[in-house]
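Only one structure is covered here, and it is reproduced in the block below.
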Amino acid sequence: MVTAPPLTETTSAQERLDLPIARAVPEVTRGAATLRKLDVYTPRQALFYLPFRYDDFSDLRPLGDLVADEKQSARARVTDVKVEPGFGRRPQRVIAQLADETGSAEAIWFGRRFVERRLKAGDELVVSGKVVMRGWRPQFVSPDFSPAGAASIHTGRIVPVYPLVGGLTQRRVRELLARVLGRTLRAVQDPLHEDEREGLPGLAAALKAAHFPDDPGEVRPALDRLAHDELLALQLVLAQARAARAGQRAPRIPVAVDEAATLESALPFTLTGDQHRAITEVLDDLGAELPMRRLLQGDVGSGKTAVAAVAMAAVCRAGWQAVLMAPTEILARQHHLGLAPLLEALGVRAEFLSGSLSPARKRAIHAAIESGEIEVAIGTHAVISRGVVFRRLGLAVVDEQHRFGVSQRAALQAKGQTLEPHLLALTATPIPRTLALTVYGDLSISTIEQMPPGRQPVRTEIRDRAALPRIQEFIAAEAAAGRQSFVVVPLVVESEAMAAASAEAEASRLSAELPQLRIGVVHGQQKSELRDATMARFAAAELDVLVATTVVEVGIDVPNASVMLIEDAERFGLAQLHQLRGRVGRGPHRSFCILLSDADDPVARRRLEVVKGSTDGFAIAEEDLKLRGAGNLLGTRQSGLPPLRVASLFDPRHLKLAERARELAQRLVAADPGLAARPELIRLRDDFAPRDEEGDAA
Ligand code: ADP
Ligand code: MG
């Protein structure tokens, strides 16, 4: 065992922040084990272990003014304490009678918690907790309490409530964090100079107020400061990456105007104006020596693939190779199926690559990629596996780019040899423009807003569950007419297993009610071969109905599908509803999207009305941003934005902070690219920058 050197005067206060808690704050030796359960090992981690809400117990009410079903605080005298022993399965109960000049109340605690040892008749207490009414008498249920007059962190003030894991109590964690804060807050140095934080509180003050605000008004500026730092960390990463790339070179692949025209006219349709403009922007970038980093945004079905196809063909006809990476096997196959003949017609050979191919087949393809015989590789993330070596990679395309982590995109770009390939990332997730610029600030953006001609508008209706029998009849009628339907089961964020179970249950229910229909089910708990096979059967019209969790969201193209039924639609993000709706109306048939919802909450209704009333993904995303306001993690996850802890990119105020952080990061990195003179900023960047999420397994 390595014995730690003793703490000495020379251990700076700063360094103490990163020692194990038990060493830095000797009085929490035993508590250290408790904090470890929360993944808190050092004082610094404790300082940033933030409450997720606050209970305002600062207002002490007379007992006579207590109301039911609210958390409240009161100052009262204990008139009696009684312990009722547990009996059978009933736990022990401790009941204290409380009184003040205005009335009386009772406080009750369940289980052997030894509260009686801290209570006796005659004590003056501040009691804080949830109140219920027992007849006409208010009762505090398992409240916190402390002697009146003594300062307490649990009662009679604004009390932080922390995320916990099993076996821990708020009281215990609050006490430990308060102790660590008390001992180490002084050591916190502000990584920002005063002029850099422009009106936001200093870091130590912000941390103090984020945990133990003295006044409700302190919380928001404190959290703003912490959100700002988190956003600054992200922006520092982006600014440094930008600076590092400034030295990189990509192959220059100039494409002549008549060559571009040749490629465009090889497509089986006339491009929309937006597609043509996007292609021009991409081809312009390819002609430059700087690596292209372009995000192509366009609604579901807007025809992004055609843009990628022209770019890939141009690159290959100039003697370079291209790769297209898609997030699922079925999507990659669909791309290969659609693109290979097109590319073939232009003299370019494309091949499909995925982990599901036989080892021999994979080896053969790897060899042909390495020799340059295969010019375009289309596949899943198998294309970034180690065995894949390109001879001359000029262009990397990532479809549904938000489904990949930063490192997977980086791995794809690293497939170039001495030159960096150009990167084209496609996404149908309509990120509001302001947001995209802030978060993907280092990417150029092309946008397709126009839909290809002849697209059927999808009729969207909102219905409640009572309408389900009629909807099922409708699905059956569509099937009889040769059409197909998607049924998407309610979104379950808690676990994929629960979502899977509800998909299976819904599929059996539908099979029982509509025995004449061929019904399949896909969800994330299935083996990918089974899921892909079922999707393929649906695509081949061998199934009438596909019951699915949100796995269908990504890109599959089934022009014969005419109904999208989404159950408990209020649980989905609007962007996601819009994406799901985009799965129908892709063929010549009139199509329907039915949003099933029993929610009567007015905001939920309004959100669904937004989807019903608009076909513009960007407008829907902006509207969702307005309606939902702050702090919706779900929205962040769905949109593929980086996971942030404090900041919410759906909060317009934080979006402003993000812009400000972007400018500051730019300035800091321009002055000192390695941030060598500002180690506190490096530590901020490394502590706060969002980690890469794990991608799907191969
Ligand atoms: P997405 O942007 O969702 O990836 P796709 O590229 O898959 O959309 O295109 C959707 C469908 O529209 C495809 O079947 C494609 O062939 C077709 N398409 C794309 N562009 C046009 C166009 N300009 N005119 C007609 N059909 C088009
Ligand atoms: Mg697509």
Side-chain angles (χ1 to χ4, degrees), residues 260-261 263-282 294-313 324-343 345 350 376 378-380 397-404 424-431 445-458 486 535 539-541 551-562 564 575-589 591 593 615-618 620-621 640:
L263 299 174
E264 290 194 0
S265 61
L267 294 169
F269 40 70
T270 311
L271 291 168
T272 63
D274 282 355
Q275 283 173 314
H276 177 73
R277 190 168 37 77
I279 288 174
T280 309
E281 287 165 354
V282 170
R294 186 167 285 279
L295 182 68
L296 176 59
Q297 294 194 97
D299 228 338
V300 173
S302 61
K304 297 180 292 291
T305 317
V307 176
V310 169
M312 292 193 293
L324 187 159
M325 177 167 76
T328 65
E329 167 128 10
I330 180 157
L331 195 54
R333 271 189 197 283
Q334 221 168 45
H335 276 311
H336 177 250
L337 224 60
L339 289 172
L342 265 178
L343 293 169
V376 178
I378 297 175
T380 59
V397 178
V398 186
D399 192 23
E400 308 287 350
Q401 69 99 26
H402 61 279
R403 300 282 296 231
F404 293 100
L424 178 63
L426 315 183
T427 183
T429 303
I431 302 162
I445 298 181
S446 296
T447 305
I448 307 182
E449 298 198 27
Q450 228 171 351
M451 284 305 216
R455 190 76 30 124
Q456 296 287 328
V458 179
F486 290 102
M535 293 243 209
V551 294
V552 294
E553 186 196 336
V554 172
I556 72 162
D557 195 13
V558 184
N560 191 47
S562 62
M564 168 61 68
Q576 200 175 17
L577 290 176
H578 179 66
Q579 290 256 54
L580 288 167
R581 175 170 60 185
R583 300 292 117 223
V584 296
R586 295 165 82 95
H589 319 291
S591 299
C593 174
T615 53
D616 176 349
F618 291 100
I620 289 174

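None of the values given here were measured: they were computed from a predicted structure. Whatever order the structure lists ligands and atoms in, that order sets their numbers, starting from 1.
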Gly298 heavy atom under 4.0 Å from ligand 1:
no
I want to know if ligand 1 touches Phe269 in the polar sense, i.e. an N/O pair below 3.5 angstrom.
no
So is Pro452 polar-close to ligand 1, meaning N/O to N/O under 3.5 Å?
no
Where the side chain of Glu264 meets the backbone of Leu271, is there a donor-acceptor pair that is under 3.5 Å apart?
no
To the nearest 0.5 Å, what is the distance between CE (Met564) and OG (Ser591)?
10.0 Å
With rounding to the nearest 0.5 Å, note down the distance linking CG in Leu296 to OG1 in Thr447.
7.5 Å
Would you check if Leu339 and Met312 make a side-chain contact, meaning some heavy-atom pair closer than 4.5 Å?
yes
Under the side chain to side chain donor-acceptor pair (under 3.5 Å) test, residues paired with Thr305 that sit two or more places apart:
none
Where ligand 1 meets Thr270 - atom numbers and elements under 4.0 angstrom, heavy-atom basis
22 (C), 23 (N), 24 (N)
Can you check which of Asp399, Leu271, Thr305 brings a heavy atom nearest to atom 5 (P) of ligand 1?
Thr305
Hey, which atoms in ligand 1 end up nearer than 4.0 Å to a heavy atom of Thr272?
23 (N)
Atom CG in Asp299, atom NE2 in His578: separation rounded to 0.5 Å?
3.0 Å
What do you reckon, does Asp299 put a non-hydrogen atom under 4.0 Å from ligand 1?
yes
